[in-house]
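Let me begin by presenting the structure, written as structure tokens, before commenting on it.
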Amino acid sequence: MQIKQVNEQNPISVKDSLLDFWKGFISYNGKTPRKAFWIGVVEYFVVIALNNLIFGTLNNDYAGGVSGKIFTTILFGVLLIMQIPLTALAFRRLRDAGMKTLPITLIVLINCAFSIAFVFFPMIALVKVGLIVCQCFMVLLFCVPSNGIQK
């Protein structure tokens, strides 16, 4: 899959940003400028909000029954499906910011570890703080201009 290469001086359209998000579903190669990244993130949040609104409400209405289990499965399936292109988009964005693959991988793995720990142990303060700190650090890295991190 070929991701469209665009520099920061030549802004890309919203359509191109959305196509970049879905065409690069599992592509961890290439680069993604800030605008394309944030449009992909907004799309992710819109899909997740609609998913939670529709299937979350249905899940609550039919909780405990077979229908509730089906809606829960759909809810988590959409979350998982959306997480894959978002992770690839994050890799491409951090690579565009000038980071190497190993630090990106470590940051994403640490974030995933805190996210999983938060699902199983939501009341532990260390897990909450670690997740917040890691995600804030990632947001700061996402805001760095293209090739902004000097080697």
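Applying the side chain to side chain donor-acceptor pair (under 3.5 Å) criterion to Thr101, with sequence neighbours excluded, gives Arg95.
Criterion: ILVMFWY side-chain heavy atoms under 4.5 Å apart, direct or through other members. Under it, Ile132 and Met138 are not part of a common hydrophobic cluster. Criterion: ILVMFWY side-chain heavy atoms under 4.5 Å apart, direct or through other members. Under it, Phe118 and Leu109 are not part of a common hydrophobic cluster. Val42 and Leu50 fall within a single hydrophobic cluster, where Ile, Leu, Val, Met, Phe, Trp and Tyr side chains are chained together by heavy-atom contacts under 4.5 Å. The cluster map of Ile, Leu, Val, Met, Phe, Trp and Tyr, joined by side-chain heavy atoms under 4.5 Å apart, puts Phe45 and Trp38 in the same cluster.
The shortest heavy-atom contact between Val41 and Leu86 is CG2-CD1, 4.0 Å. In this structure, Val127 and Ala117 approach most closely via the heavy-atom pair CG1-C, 3.7 Å.
At least one side-chain heavy atom of Phe91 sits under 4.5 Å from a side-chain heavy atom of Thr105. Residues Ile107 and Met99 form a side-chain contact, since some pair of their non-hydrogen atoms from C-beta on lies under 4.5 Å apart.
Between Ile124 atom CD1 and Leu131 atom CG the span is 13.0 Å, to the nearest 0.5 Å. Note that CZ of Arg93 and CD1 of Ile104 are 10.5 Å apart. Values are rounded to the nearest 0.5 Å. Atom CG of Leu89 sits about 9.5 Å away from atom CG of Leu94, to the nearest 0.5 Å.
Taking the six-membered ring where tryptophan is involved, the planes of Phe37 and Phe142 are tilted, since the angle between them lies from 30° to 60°.
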